[in-house]
Colleague: 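Got a structure for you, written out below as structure tokens; questions coming shortly.
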Amino acid sequence: METSFELTLQIVITVVAGISAQVLAQYLQVPSIVFLLLFGILLGPDGLRLLHPHSLGTGLEVITALAVAVILFEGGLNLELRELGKVSGSLRNLVTLGTLITLLGGGMAAHWLGEFPWPIAFLYASLVVVTGPTVISPLLKQVQVDRQVAALLEGEGVLIDPVGAILAVVVLDTILNADTDPIEAFIGLVLRLGIGGGIGVVGGWLMGWIIKRAKFLSEDLNNLVVLAGLWGLFGLAQTIRSESGLMATVMAGIVLGASSIPEERMLRRFKGQLTILGVSVLFILLAADLSIASVFALGWGSVFTVLALMFIVRPINIGLCTFNSDLNWRQKLFLCWIAPRGIVSASVASLFAIFLTQRGINGGDSIKALVFLTIILTVFLQGLTARWVAQWLQINLQEATGAVIIGCNPLSRLVARLFQEQGESVVIIDTDPEACKKAEQENLRVFLSSGLDTEVLEEAGLDSMGTFLAMTNNGEVNLVLAQRAIEEFRPPRVLAVFPQANTPTNNSKVHQAFIPNLSIKNWNQYLNDGQVKLGKTSLKEPGFSFQQAHLQALIRSGELVPLLFLREGRFQVVPATEDWEAGDQIIYVLHDPRPKLLKRLSGASPSSRLALEKLPEVEEVPISSASVGVLLGELKPEPQTEPTEA
């Protein structure tokens, strides 16, 4: 009873520490593996001595195997085949030729710089061939780089994990059985990949078929059926051929993800949560089992080995594998820099250390220490600097320009024209032929189609645009369109016009456009009747608070709608929750309800093209201490004296 309680306490401490590390990492916007490693080492025998992973015995191997299966399945499930198609040649090279380059280069570095015997050096190199989706995916979510680069890094991380793990097993078998024929070893590698891949493809298709037809299953049970299925496929592949289970889980995830199953978003969310839990538990346990003394005992030669892997082997790998691609030098340089190692390297190295020790072969603990040193250096050096490097190379997706607008009404055409006048590409999508014809007459690029058609969105260039804006007359439809765009294309800025009652959660990436509760129908009517003016204003440091309060008062009265704002040299659609800053330049429309006859007498034409101007209604406002107090909320609104006419 006492032993079971000790094991229970070990698991409880592990889970609490792992989730705490995830929370802290998300709050500080750094890769979670940084705190997982720190917390694991701190709680282990070399720290506070609260965690003793060896007390789990073979249970640690079981937890590792099942958790890695879920992690790789989730990686395959989230792969975007459409994006991978654009970099398929480079991805194929990275998984094949790149694996060989890293194996040879890493082995030579470990032998010549780390002074490891050739067999142990190549075993180390086989373990660090993998990069790992558990590190890459969270990193890319924070950095948000160019889509081609992101697709290549994610594809490499997911597909190379099982290849690297199986390659490491083949190398280990060769070390343990010195008389192994190289041809037999290669055949063993191909067999494991082939058996695992075949089982995964068939199993993934079968799971998708069952989910589509088993209408009686609830959403929650659907998720658990998939979990049982992936573990079943993993166990079946492992039974037929050892170490083929990882490839089976990856292929099952890819096939299931491409099957268009119902409630796929719920499944992805469930598997994502399991992956976070699995990564948290594994990294804490494996880091706690690491001997810090063994890492320091490696010496400077091992540090140089890792640096050679990062600054010599990886650039050669990327240079050769992307030689004939259409990637530019900035994208290639970022790919050279980002190759952090993850959970598969750590877990397989920990298991190999046990196998080598049991066989009486020296080097098991040194291999594990060197792999963890590689993880630590790559994660800290590359992971923590990824955002800065992306900004320096100007491949950060936040820098993307242009807009795709759903809805071809007068207000959306005005927004499109404003983008176009700023030199940015813009596309409008709508199902109304008459509205699309009007947009074409205004020299705007138009697609007559539904905003839910992913092929049309891809043809419109949404994968390279900076802004997605849904502004049809139906607010609920706008919200659905925006959420779909995020799922399929993940644009940097996603906005929609929708009722305030439907405001998404804080975790949603959909922002309400312009102002709360915007009535598109009313403003379209104003535009059709010529009852608007188009203005621009700059917020200045002197009187900024009053200027902001005055604009907000006009917005609340329904007289003004801010459309775009210029900040740091880039125009963006105004979100309803935007906190303006001094120096912002705002483009807006102002309701001008003067009778048409009066406008004609003043020389204006209802059909004339709107031009940007400084409007006295916004700019030339008499400023008095009383009016400032009212606008800033310092005084109660009371009847004011009539202002003098301008």
Side-chain angles (χ1 to χ4, degrees), residues 391 394 396-405 410-428 442 444 465-469 471 491-497 511-516 518 520 523 526-527 531-592 608-623 627-628 631-632 646:
Q391 291 174 346
Q394 298 179 353
N396 194 312
L397 203 57
Q398 295 296 332
E399 302 298 324
T401 60
V404 171
I405 301 176
L411 187 60
S412 65
R413 295 200 301 271
L414 174 60
V415 173
R417 181 167 67 84
L418 291 171
F419 267 111
Q420 201 170 65
E421 289 175 353
Q422 302 305 324
E424 299 191 20
S425 60
V426 62
V427 177
I428 298 179
E442 296 179 21
L444 295 171
M465 294 286 194
T467 300
F468 176 89
L469 174 60
M471 50 184 306
R493 296 173 290 279
V494 178
L495 301 100
V497 176
H511 298 281
Q512 195 173 27
F514 310 127
I515 61 174
L518 172 67
I520 288 186
W523 281 93
Y526 297 157
L527 284 162
Q531 295 184 338
V532 296
K533 292 181 178 180
L534 185 62
K536 63 178 179 180
T537 187
S538 297
L539 301 181
K540 302 174 183 178
E541 189 64 47
F544 169 72
S545 298
F546 170 77
Q547 209 175 358
Q548 184 181 31
H550 175 59
L551 288 172
Q552 292 295 342
L554 290 173
I555 291 172
R556 286 193 297 270
S557 68
E559 297 179 48
L560 182 145
V561 175
L563 300 178
L564 304 180
F565 72 101
L566 174 66
R567 182 181 295 168
E568 298 178 355
R570 184 172 66 244
F571 274 96
Q572 298 181 35
V573 175
V574 175
T577 57
E578 179 61 35
D579 292 326
W580 293 339
E581 301 174 2
D584 288 348
Q585 186 180 105
I586 300 168
I587 297 178
Y588 58 87
V589 285
L590 184 72
H591 184 209
D592 181 17
S608 63
R609 186 183 180 92
L610 290 173
L612 278 172
E613 54 185 324
K614 294 282 186 180
L615 300 179
E617 296 94 327
V618 175
E619 299 290 329
E620 300 174 12
V621 179
I623 302 178
S627 59
V628 170
L631 289 170
L632 296 181

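Residues: numbered from 1 along the sequence shown. Please read all numbers here as calculations on a predicted model, not as lab measurements.
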Colleague: Locate the shortest heavy-atom distance separating Ile586 from Tyr588; write the atom from each residue and the value.
Modeller: O-CD2, 3.9 Å
Colleague: Please step through side chain to side chain contact (heavy atoms under 4.5 Å, CB included) for the pair Asp584 and Leu539, ending with a clear verdict.
Modeller: CA-CA 5 Å; Asp584 288 348; Leu539 301 181; 4.2 Å; yes
Colleague: Please name the pair of heavy atoms, one in Ala582 and one in Glu541, separated by the smallest distance, quoted to 0.1 Å.
Modeller: CB-OE1, 3.3 Å
Colleague: Could you tell me the separation between the NE2 atom of His550 and the CD atom of Glu617, rounded to the nearest 0.5 Å?
Modeller: 9.0 Å
Colleague: Given side chain to side chain contact (heavy atoms under 4.5 Å, CB included), test Ser538 with Lys614 step by step and report yes or no.
Modeller: CA-CA 10 Å; Ser538 297; Lys614 294 282 186 180; 4.1 Å; yes
Colleague: Measure the shortest side-chain to side-chain distance between Val574 and Ile587 over non-hydrogen atoms and say whether it is less than 4.5 angstrom.
Modeller: no
Colleague: Compare all side-chain heavy atoms of Val404 with those of Leu469 and state whether any distance is below 4.5 angstrom.
Modeller: no
Colleague: Do Met465 and Ser425 come close enough that some side-chain heavy atom pair is under 4.5 Å?
Modeller: yes
Colleague: Looking at Glu581 and Arg567, is there a salt bridge between them, counting it only when a charged N and a carboxylate O are closer than 4.0 Å?
Modeller: yes
Colleague: In the structure I gave you, are the side-chain heavy atoms of Pro562 and Trp580 within less than 4.5 Å of one another anywhere?
Modeller: yes
Colleague: Does NZ in Lys540 sit with more than 12 non-hydrogen atoms of other residues, nucleotides or ligands closer than 6.0 Å?
Modeller: no
Colleague: Can a side-chain donor-acceptor contact be found between Thr467 and Gln572 if the only test is distance below 3.5 angstrom?
Modeller: no
Colleague: How many angstroms lie between atom CD1 of Ile515 and atom CG of Leu518, to the nearest 0.5 angstrom?
Modeller: 5.0 Å
Colleague: Just so I know, are the side chains of Ile555 and Val561 near enough to count as touching, which here means a heavy-atom distance under 4.5 Å?
Modeller: no
Colleague: Rounded at 0.5 Å granularity, tell me how far CD in Glu424 sits from CG in Leu564.
Modeller: 8.5 Å
Colleague: Would you mind reporting whether Val589 and Leu563 have side-chain heavy atoms less than 4.5 Å apart?
Modeller: yes
Colleague: Distance check, rounded to the nearest 0.5 Å: Gln422 atom CD versus Leu566 atom CG?
Modeller: 7.5 Å
Colleague: Between Glu619 and Thr537, does a side chain to side chain donor-acceptor pair (under 3.5 Å) hold up when you go through it step by step?
Modeller: CA-CA 7 Å; Glu619 299 290 329; Thr537 187; 2.5 Å; yes
Colleague: Let me confirm one number: the CE-OG distance from Met471 to Ser412, rounded to the nearest 0.5 Å.
Modeller: 5.0 Å
Colleague: Side chain to side chain contact (heavy atoms under 4.5 Å, CB included), that's the test. Do Leu534 and Leu418 meet it? Break it down for me.
Modeller: CA-CA 10 Å; Leu534 185 62; Leu418 291 171; 4.0 Å; yes
Colleague: Taking all heavy atoms of Leu527 and all of Pro410, pick out the closest pair and write down the distance.
Modeller: CD1-C, 3.6 Å
Colleague: Looking at Arg413 and Glu442, is any side-chain nitrogen of the basic one under 4.0 Å from a carboxylate oxygen of the acidic one?
Modeller: yes
Colleague: Which heavy-atom pair separates Trp523 from Leu411 by the least distance, and what is that distance?
Modeller: CB-CD2, 4.4 Å
Colleague: Mind checking the NZ-CG spacing from Lys536 to Leu612? Nearest 0.5 Å is all I need.
Modeller: 5.5 Å
Colleague: Looking at every heavy atom in both Val573 and Phe565, which two are closest together, and how far apart are they?
Modeller: O-CE2, 3.7 Å
Colleague: Is the shortest heavy-atom distance from the side chain of His591 to the side chain of Gln531 under 4.5 Å?
Modeller: yes
Colleague: Locate the shortest heavy-atom distance separating Leu495 from Ala513; write the atom from each residue and the value.
Modeller: CB-CB, 4.0 Å
Colleague: Would you call Phe514 and Val415 a side-chain contact if the rule is heavy atoms closer than 4.5 Å?
Modeller: yes
